[in-house]
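Numbers for residues simply follow the sequence, beginning at 1. Side chains are part of it too, since the values below use all heavy atoms of this structure and drop only hydrogens, waters and symmetry mates. No experiment lies behind these values; they were computed from the predicted model shown.
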Amino acid sequence: MAYTGKKEASTPTAEEPRIGVFICHCGTNIAGSLDVPAVKEYAETIPHVVVAQNYAYMCSTPGQNMIKEAIEQYHLTGIVVAACTPRLHEQTFRTATANGGLNQFRFEMANIRDQGSWVHMHDWEGGTEKAKDAVRIAVAKATKLEDLYPMAVPVEHRALVVGAGIGGIQASMDLAAAGIETYLIEKEPTIGGRMSQLDKTFPTLDCSQCILSPKMAEAGRTPNIKLYTLAEVENVEGYIGNFDVTIRRHARGVLTPTEAAAKGIVGGGCTGCGDCATVCPVVKPNTWEFGMSPRKAIYIQHAQVVPLIYTIDFDACVKCGLCITACGTKKAIDLEMEDELFTIKVGTVIIATGYETFPIEQKREWGYKLYDNVITSLEFERLICASGPTIGHLVRPSDGETPMSVAFVLCAGSRDNTGIGKPYCSRFCCMYSLKHAHQVIEKIPGCKAYIFYMDIRSFGKAYEEFYYRIQHEGAKFIRGRVAMIQELPNKNLLVIAEDTLLGMPVEIEVDLVVLAAAIQPTAETEIVRRHFGVSCSIDKWLLEAHPKLNPCGTTTAGVYLAGVCQGPKDIPDTVAQAEGAASAASIPIHAGQVELEPYYAQCMQDICAGCGMCTNQCPYSALSMTIVDGRTVMEVTAAKCKGCGTCGGFCPGGAIKMQHFTSPQILAQIDAFFLGGEQ
Ligand SMILES: Cc1cc2nc3c(=O)[nH]c(=O)nc-3n(C[C@H](O)[C@H](O)[C@H](O)COP(=O)(O)OP(=O)(O)OC[C@H]3O[C@@H](n4cnc5c(N)ncnc54)[C@H](O)[C@@H]3O)c2cc1C
Ligand code: SF4
Ligand code: SF4
């Protein structure tokens, strides 16, 4: 580990701190709700402040130049900018501070906009007084700031992508094309994710698997992509540039040709011939087909899997050994195979763990799992797909008959504030339900399609035109959320709703109901997010670093997001975000090193009593005990420290210093608040 910024300015030692205060109007964002000139006048009276200025937009080039020029003119030792948030503009003003010749960490920000003018819009006096307090507190800290230098750490030339749906596949192909060795791990036996379960894709009606398979195949054969299926993240240690990720590879029970060769089995390994599955006596529902078709205990999920290697379901396998005999000289089957753990070192990580369907049976009024002929949209995709369980014939589960009327229930569990469903819009259900209506009208001449909707959200490119097309094809649109579905003795379904445009209740009898069920993050996503320290929003989708300006990054340096795990989105948006995430993840790798904030703990070893109690406090294992000059003391692995301050707050002897948030700095702020900065 090295320190960069050696040439960066170090602040000239001054006998007394000399602080400059710069107050931003932010147009009328701040100046419209509080008295900026009064705050400036007040700032001039604060001890150690040698200059105070105000300006319309401090973040603009002239605003930044004001800071630079004032540093030179007034020989400042610290800068306070009273403006928006450090999250938005800390870096801007740090750079301005450094351009003026001061160490960039001699800068402190007072938030008088988001926590000031915006929340006290109708309290001119109160907002002004609060801004004065905020400036005084920031000045108190600025008088005690010290020079700090970012820490440069090398970055491994490898990346990890977790989840191999279309998002993960696209991200890993981009990383690999950029010359970065990429690990792609997928918990299922095959890559492809949800897109490989779809029949057609809106609005172009391309065959989903046809446009996905070339990408799946390429991901499988790209030398720069190390693909591990049936694999999950077991443990993560480290930080950007140096993540040590332990992967659990679940026992597949079947060797690839490469694995067989490594075991000395010449010409061995699975060729995907399927002889094993033919002889296997155990029959189970194929969960990939939502249980609508059978599979054996040794199986592949569908015909286009990548990699084409059979998998043993060890929960179902009776170890009869028939498959071993059938496999013969290829000797691909190992019934005693066990899970394998291995650790990889990567510089950056992309999470692309996708989504699952909300358990829509919880909305009992629609009768899913109670009534045979109520199915979900994903089940519909499989039933209408030529490679699905019915070879593309849409049939009623109850009797195998072709339905002549189908109701599509939109917003099933989405936009639902009852506490049972999801409050958000799942975004792609309107569009795929239009697609489904088109498919039944096209495939089953005379079949009626009823779409029960609250709003039709056809927001994307060529989506509105697609909506017109489906209207034109004769789908019936009924504006109203379905109140209830009742099963009739002939297994038909009575869909009861209010048509809010006609202003009257409607009851329509149909042969089949398709619920456009809400989607939610997968249970595994929660585990992955905790491993990588990524936050989630209130509805559990993974949280981006900034909702507008950084939708691919997270607040954990080196960890990026792609696809639906970040929030519902269709395939084009997933691919676009995956490409963005791959680009972001490759920047530190190509730079070769990354600068870390110097906000890490420091042990003042001369006063450390060596009790070792702090080491258990650190959630990142950044602390250990060592011997210096015969004394046992604590030492910090600075690059592992996230600066949370737990240890600093814990150490009873005050031997741990949190850089940039030292006890004297914080006490000075508290004093400034309570005692007016006089002490
Ligand atoms: C019924 C239906 C129809 C649709 N039709 C269309 C359409 O026509 N057009 C369109 O644009 N969009 C459509 N969509 C949306 C489309 O499915 C998504 O946009 C797309 O699948 C998102 O891809 P993804 O890679 O983000 O997630 P997924 O496809 O969910 O892939 C995520 C992958 O991560 C894996 N994974 C999860 N957790 C882990 C873990 N812990 N470790 C390792 N691997 C993990 C999963 O097994 C999966 O393979 C439809 C969706 C539905 C439900
Ligand atoms: S395990 Fe053996 S029998 Fe089964 S598909 Fe692979 S090669 Fe064929
Ligand atoms: S501040 Fe202390 S507890 Fe927090 S990460 Fe750093 S060393 Fe660990």
Side-chain angles (χ1 to χ4, degrees), residues 164 169 172 176 181-193 196 209 212-232 234 247-289 293-344 387-389 391:
I169 290 174
S172 37
E181 189 176 57
T182 303
Y183 291 94
L184 174 57
I185 68 162
E186 167 57 54
K187 74 178 167 62
E188 294 290 326
T190 175
I191 64 173
S196 56
Q209 190 63 46
L212 178 63
S213 325
K215 281 186 185 277
M216 287 170 67
E218 198 180 332
R221 64 168 177 258
T222 301
N224 247 357
I225 298 179
K226 305 277 174 255
L227 174 61
Y228 292 98
T229 46
L230 276 177
E232 287 178 82
E234 179 85 9
I247 309 284
R248 175 179 290 273
R249 239 183 133 190
H250 295 282
R252 185 173 210 126
V254 182
L255 297 170
T256 66
T258 316
E259 288 165 344
K263 287 183 177 272
I265 307 167
V266 181
C270 182
T271 59
C273 67
D275 292 348
C276 51
T278 310
V279 298
C280 177
V282 180
V283 181
K284 286 274 158 187
N286 185 350
T287 48
W288 193 84
E289 297 281 15
S293 66
R295 65 151 167 82
K296 297 297 185 66
I298 187 163
Y299 69 101
I300 50 173
Q301 289 172 314
H302 59 94
Q304 281 149 304
V305 293
V306 172
L308 177 51
I309 304 292
Y310 273 68
T311 302
I312 295 179
D313 172 357
F314 279 107
D315 290 333
C317 173
V318 292
K319 301 210 172 174
C320 64
L322 289 172
C323 56
I324 296 179
T325 315
C327 189
T329 54
K330 292 182 291 265
K331 294 187 180 165
I333 297 169
D334 176 359
L335 293 179
E336 304 308 321
M337 196 183 274
E338 289 186 347
D339 287 6
E340 188 193 329
L341 290 175
F342 61 95
T343 301
I344 55 175
S387 65
I391 326 172

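A heavy-atom distance below 4.5 Å is not found between the side chains of I298 and T311. Using a 4.5 Å cut-off on side-chain heavy atoms (C-beta onward), L184 and Y228 make no contact. At least one side-chain heavy atom of P189 sits under 4.5 Å from a side-chain heavy atom of Y299. I333 is listed as a side-chain neighbour of C276, based on a closest heavy-atom distance under 4.5 Å. With a 4.5 Å cut-off on side-chain heavy atoms, Q301 and E188 count as touching. At least one side-chain heavy atom of L308 sits less than 4.5 Å from a side-chain heavy atom of I300. For the pair E186 and E232, the minimum side-chain heavy-atom distance is 4.5 Å or more. Between Q304 and T190, every side-chain heavy-atom pair lies at or beyond the 4.5 Å cut-off.
When the shell of 6.0 Å around CD1 of I391 is examined, it contains 12 or fewer heavy atoms from other residues, nucleotides or ligands. With a 6.0 Å radius and a threshold of 12 heavy atoms from other residues, nucleotides or ligands, K319 has its NZ atom above the threshold.
Note: R249 CZ to E340 CD = 5.5 Å, rounded to the nearest 0.5 Å. Of the inter-residue distances, the one linking S172 atom OG with E218 atom CD reads 10.0 Å to the nearest 0.5 angstrom. Between I169 atom CD1 and T222 atom OG1 the span is 10.5 Å, to the nearest 0.5 Å. E259 contributes atom CD, which lies 3.5 Å from atom OG1 of T256 (distance to the nearest 0.5 angstrom).
The minimum heavy-atom distance linking A164 with I191 is given by the pair CB-CG2, 3.5 Å. The shortest non-hydrogen separation linking L227 to G220 is CD2-CA, 4.3 Å. Residue C270 comes nearest to A332 through the heavy atom pair N-CB, 3.4 Å, listed as atom of the first residue, atom of the second, then distance. Across every non-hydrogen atom of C280 and K296, the tightest pair is O-NZ, 3.0 Å. Between W288 and S196 the shortest heavy-atom distance is CH2-O, 3.4 Å. The two residues G253 and I312 have their closest heavy-atom pair at O-CD1, 3.6 Å.
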* Could you walk me through whether L335 and C317 pass the side chain to side chain contact (heavy atoms under 4.5 Å, CB included) check? -> CA-CA 9 Å; L335 293 179; C317 173; 4.2 Å; yes
* **Full working for side chain to side chain contact (heavy atoms under 4.5 Å, CB included) between M216 and Q209** => CA-CA 10 Å; M216 287 170 67; Q209 190 63 46; 3.6 Å; yes
* Might you work through the side chain to side chain contact (heavy atoms under 4.5 Å, CB included) test for I344 and I247, ending with a clear yes or no? => CA-CA 8 Å; I344 55 175; I247 309 284; 4.2 Å; yes
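For the pair T182 (side chain) and I225 (backbone), a donor-acceptor distance under 3.5 Å is absent. Panel note: side chain K226, backbone Y183; no donor-acceptor pair is recorded below 3.5 Å. A donor-acceptor pair under 3.5 Å links the side-chain atoms of D339 to the main chain of A251, judged by distance alone. In this structure a side-chain-to-backbone donor-acceptor pair under 3.5 Å is missing from S293 to E289. At distances below 3.5 Å, not a single donor-acceptor pair connects side-chain atoms of K331 with backbone N or O atoms of I265. Between the K284 side chain and the R295 main chain, no donor and acceptor come within less than 3.5 Å of each other.
One side chain, R252 or T229, offers a donor N or O that lies under 3.5 Å from an acceptor on the other.
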